There are 2 protein chains.
Amino acid sequence: MLNDPLYIQIIRDIQGKIDTGQYPSDTFIPSESELQDIYMVSRTTVRRAISELINAGYLTIVKGVGTKVMPSRLITTPKELISFTQLMRNQGMRPDARMLAIERVKATPDLQKTLEYPGELIEIARLRTADDTPISINTSYLPSDLLVKHDPTIFRTRVSLYEVLEKDFNIKVAVTEDTYSAINANASQAKLLSIRKGDPLLMIERTAFNQKNRPIEYSIIFLRADRYRHTITLRAN
Amino acid sequence: MLNDPLYIQIIRDIQGKIDTGQYPSDTFIPSESELQDIYMVSRTTVRRAISELINAGYLTIVKGVGTKVMPSRLITTPKELISFTQLMRNQGMRPDARMLAIERVKATPDLQKTLEYPGELIEIARLRTADDTPISINTSYLPSDLLVKHDPTIFRTRVSLYEVLEKDFNIKVAVTEDTYSAINANASQAKLLSIRKGDPLLMIERTAFNQKNRPIEYSIIFLRADRYRHTITLRAN
DNA sequence: AAGTGGTCTAGACCACTTA
DNA sequence: AAGTGGTCTAGACCACTTG
């Protein structure tokens with residue numbers, strides 16, 4: 001923490017002051033030259049920190065006037081990539097998962113193309129719950145060459161698949177492409193999710209990429225529309 | 001253009017070289033010191049330009065090695081805010097809209113709260129089509145005090161509501177909050193969209209804000225799930 | 001060892017807002 | 001006129017990757 005770059009430390013400090021209300025919503029934070037004095041750094045470093053906080057949606061600049069704290073409504077939903085475990089935790093729910101299957105499977109032509117990998121895949125199917133209510137059926141496919149370090153059963157040890165990838169396999173998801181659609185539940189989906197056949201499901205297909213732009217996961221998620229809504233905040237360029 | 005800041009001109013130039021293939025996908029662009037010589041600017045200015053291109057998804061940095069052009073797959077789906085007109089054009093379709101209603105309405109309590117406006121609203125309901133196939137029913141509510149400059153019928157003159165707001169009212173959308181859900185079509189929705197009652201619809205509720213964080217539009221959109229998929233690319237922080 | 005990007009400084013001049 | 005952020009320069013030292 002103490003060895004982190006100065007601008008990171010400044011970001012953390014300002015973020016903390018926003019969160020604790022020392023810099024309330026819609027008020028101006030100290031000017032850049034004041035921040036230079038506070039943190040004893042150059043203006044470039046102050047501006048670097050402010051620039052990232054603007055990018056993250058915490059601050060906004062009014063030309064010729066000053067730098068203002070964004071209304072918290074717009075702070076709380078960052079446009080960052082987020083895992084479903086995190087999403088549910090953010091909504092104050094206790095996420096869990098029941099493993100339906102962990103198997104080695106052959107890739108279909110579509111999956112081969114999407115994952116750019118001709119070999120075997122690991123299929124992980126899970127029923128996700130929040131506060132013990134079934135929320136979604138989540139089926140992931142991962143190239144097996146990425147997962148040689150441990151037995152696939154390691155995915156039983158944690159609720160978040162992305163946490164297993166990061167902590168046990170050192171694989172970090174950098175980019176996702178999410179496609180939203182809607183379908184009617186079929187009989188088996190309805191049974192698993194405790195709803196009726198024909199009820200609406202939000203369907204999300206996600207392809208995840210690592211830092212080197214290699215596809216590392218394709219997943220298809222069926223979410224109960226009555227229990228779950230997915231919100232995303234976007235900013236114009 | 002010539003009076004634009006240097007870093008903007010550099011961004012445009014590099015973007016152009018990526019688009020025309022002079023800097024092909026997955027190859028390294030010149031190093032920062034080479035770019036200093038090319039553009040005759042300081043390293044700070046070069047880095048400013050590169051930083052924004054990384055943010056926009058065009059470039060990626062490999063530590064200690066160089067700066068690489070992102071694969072075009074990941075460039076083509078920017079995470080920017082985008083209008084539905086643009087979205088359909090991007091998919092190679094010809095978007096159009098049939099006006100269903102332009103009316104002054106009283107705000108429901110929910111709408112009053114969402115739009116933070118107690119007065120009358122302008123309701124604009126439209127059937128959106130792509131290549132003459134009905135795609136979505138789009139109902140927007142806007143505070144009437146924003147629209148005094150012209151008669152509301154001006155919304156008939158353009159296909160894109162956001163274009164009318166920007167060009168005729170000088171109102172720019174800066175941030176949107178989109179919530180995704182799914183429902184089954186009711187009888188009237190099914191009729192308008194040429195589908196059957198009970199067929200799945202993707203529902204998107206959007207609240208749009210201007211640069212000053214004032215809510216300027218609430219819209220609810222019902223999309224035919226069989227004809228339309230909505231893709232978003234997200235990056236980790 | 002050489003080259004790359006990562007961080008940081010100390011200045012400068014400008015356009016914009018407010019009084 | 002004074003204060004704000006917007007842009008830019010010319011240096012410096014560092015950590016990381018590769019030959």
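Keep in mind it's a predicted model, so treat the numbers as computed, not measured. So you know, we letter chains A, B, ... as the sequences are listed, proteins then strands, and number each from 1.
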Check your understanding: Within this structure, what is the NZ-to-C1' distance between B/Lys63 and C/dG3, rounded to whole angstrom?
Key -> 16 Å
Point to revise | Protein-nucleotide distance (A/Tyr7, atom OH; C/dC8, atom P), rounded to Å | key: 7 Å
Check your understanding: Could you state the CE-C1' distance from A/Met40 to C/dC8, rounded to the nearest angstrom?
Key -> 14 Å
Study note, to complete from the structure: Winner on side-chain proximity to B/Val65, out of C/dT7, D/dT7, D/dT18, is D/dT18
Revision key, fill the gap. note: A/Ile50, atom CD1; D/dT7, atom P; distance rounded to Å ~ 14 Å
Check your understanding: For C/dG6, does OP1 or OP2 lie under 4.0 Å from any side-chain N or O of B/Arg47?
Key -> yes
Practice item. Grab the OH-C1' distance between B/Tyr39 and D/dC8 for me, whole Å please. Key: 17 Å
Review point. Quick one: do B/Asp26 and B/Lys68 make a salt bridge, cutoff under 4.0 Å?
Key: yes
Exercise for review: Name the orientation class of the two ring planes belonging to A/His150 and A/Phe169 (parallel below 30°, tilted from 30 to 60°, perpendicular beyond 60°).
Suggested key: perpendicular
Revision key, fill the gap. In whole angstroms, the gap separating P of C/dT18 from CZ of A/Phe28 amounts to 9 Å
Exercise for review: Would you state whether a donor and an acceptor, one from the side chain of A/Arg43 and one from the base of D/dG6, lie under 3.5 Å apart?
Suggested key: yes
Exercise for review: Tell me what B/Val41 touches on the nucleic acid: a base, only sugar-phosphate, or nothing, going by heavy atoms under 4.0 Å.
Suggested key: sugar-phosphate
Review point. Which residue lies toward the 5' end of DNA chain D, A/Ile29 or B/Thr45, if each is placed at its nearest nucleotide?
Key: A/Ile29
Revision key, fill the gap. Stems field, DNA chain C, Watson-Crick or wobble, 3.5 Å, at least 3 pairs, by first number, holds C:1-18 with D:1-18
Revision key, fill the gap. note: A/Arg48, atom CZ; D/dG5, atom P; distance rounded to Å ~ 19 Å
Exercise for review: Report yes if a side-chain nitrogen or oxygen of A/Thr67 is closer than 4.0 Å to either non-bridging phosphate oxygen (OP1 or OP2) of D/dG5; otherwise report no.
Suggested key: yes
Practice item. Indicate, with a heavy-atom threshold strictly under 4.0 Å, whether A/Ser31 touches base, sugar-phosphate, or nothing. Key: sugar-phosphate
Review point. Are A/Ser140 and A/Glu217 linked by a side-chain donor-acceptor pair shorter than 3.5 Å?
Key: yes
